[in-house]
2 protein chains.
Amino acid sequence: MTAPTAYEKHDHHQCIDEALLAARKICKKNGARLTALREQVLSKVWQSHRPLGAYAILELLSDEGQGHPAPPTVYRALDFLQENGLVHRLASLNAYIGCDAPGRAHDSQFLICRHCQITVEVASDSVSSALKTCAERRDFAILHSSVEIVGECPNCQQAQS
Amino acid sequence: MTAPTAYEKHDHHQCIDEALLAARKICKKNGARLTALREQVLSKVWQSHRPLGAYAILELLSDEGQGHPAPPTVYRALDFLQENGLVHRLASLNAYIGCDAPGRAHDSQFLICRHCQITVEVASDSVSSALKTCAERRDFAILHSSVEIVGECPNCQQAQS
DNA sequence: AATAAAATGTTATAATATTGCATTTTATCC
DNA sequence: GGATAAAATGCAATATTATAACATTTTATT
Ligand SMILES: [Zn+2]
Ligand SMILES: [Zn+2]
Ligand SMILES: [Zn+2]
Ligand SMILES: [Zn+2]
């Protein structure tokens, strides 16, 4: 099994299902409580491979008839999901996306298509080690790092020409 | 002459002066108008090696008795400065910092001390090329990229122990 | 000097995020 | 099982960051 690359057509329900399964497993291991609300937020985040803003998630929850939750509800769920490595926040977009490799410690590296917004998480060892070397050279102790690369995905480049 | 490393004690007035001089030169070359207001904003941004929020800049301008400018005033100046490569925006902090190498095209790479907030811009070729390779491998066309590494600067690490 | 373009001033408002406190749900202890 | 504590959620208000829309002023061009 190869992971779907997001750009390609794929059975996206599988992405959501896998994400939820992985999340349950990880939370169990961490002794963290993946409540119904948190699962709902996580599945909204996974509804596409595009980053989603907190207020967009809020609307989706409303639409689903879960009452009309207030912002803190969503932000708290997102905080929980981030703490448990299940979602990442993309600072340049004020938006959130499901983590592709939850459970493994890793920094945050993304390719973001400015056209279609499809965003893929990458886990480049050479990027990571370049960052590490760069920091070490300056005696800087890394706590966490984030890489956000904005550009055009293969599909959108083709559509252009 | 070696560039001050921000962590070390240095004559910071020189940083500000150099930044202003460089800015004038670049704007002249670009046919861009570095107005009094824009210079004021740029020097506020350079008042420390710490990223500064738009509203903080606004306050500094007020304190200086330039009247009480409104947010758009500052945001417009910051937009101008960014377009001309004189400041960078740090998305993870919603804050702005003077560019260390204006004039040369480069992506945005920073080491941010979460303790003292001192932030240094780095220009690591190995990071840049790792990013490039990583994107190419996925047929992703980079428009721009940003790297924000959060951790502890050498000074704050020492103070710890 | 007349005109157009660019920059700034001003007011209002949008978008994102947090604080503080009440209530409910879940876990823990006896 | 019932009492207690801890965690999660609901909810109202508000803080923070950023932009839109339009009037006025300044600067450049003719
Ligand atoms: Zn998918
Ligand atoms: Zn695309
Ligand atoms: Zn300095
Ligand atoms: Zn520090």
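Per chain, numbering begins at 1; letters A, B, ... match sequence-line order. This one's a predicted model, so the numbers in the text were calculated from it and none came from an experiment.
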Using a distance-only criterion (donor-acceptor N/O pair, under 3.5 Å, no hydrogens), is the base of C:dA14 paired with the side chain of A:Y55? no
With DNA chain C as reference, determine whether B:P71 or B:A32 sits nearer its 5' end, using the nearest nucleotide of each. B:A32
Side-chain N or O of A:R76 versus OP1/OP2 of C:dA17: is the shortest distance under 4.0 Å? no
Measure CD/A:E39 against P/D:dT9 and give the value in whole Å, please. 12 Å
Heavy-atom check, side chain of B:L111 versus side chain of B:Y7, under 4.5 Å: yes
Is any side-chain nitrogen or oxygen of B:Y96 closer than 4.0 Å to OP1 or OP2 of D:dA18? yes
Quick one: is C:dA7 close enough that its OP1 or OP2 comes under 4.0 Å of any side-chain N or O from B:T35? no
Does one hydrophobic cluster hold both A:I97 and A:F80, with members joined at side-chain heavy-atom distances below 4.5 Å? no
side-chain N/O A:R33 vs C:dT25 OP1/OP2, d < 4.0 Å: no
D:dT17, OP1 or OP2 - any side-chain N/O from A:N94 closer than 4.0 Å? no
More than 12 heavy atoms of other groups within 6.0 Å of A:R24 CZ: yes
In whole angstrom, what separates B:L81's CG from C:dT8's P? 10 Å
Picking from C:dT10, D:dC11, C:dA7, which would you name as closest to the side chain of B:T73? C:dT10
In whole angstrom, give the distance that lies between atom CG of A:L58 and atom P of C:dA15. 14 Å
Nucleotide nearest B:P72 (side chain, heavy atoms from C-beta), chosen from C:dT8, C:dA17, D:dA20: D:dA20
Under 4.0 Å between a side-chain N or O of A:Y75 and OP1 or OP2 of C:dT18? no
Nearest of D:dT9, C:dG9, C:dA17 to any side-chain atom of B:L37? C:dG9
Decide whether A:H106 and A:E121 meet the rule of one side-chain donor and one side-chain acceptor closer than 3.5 Å. yes
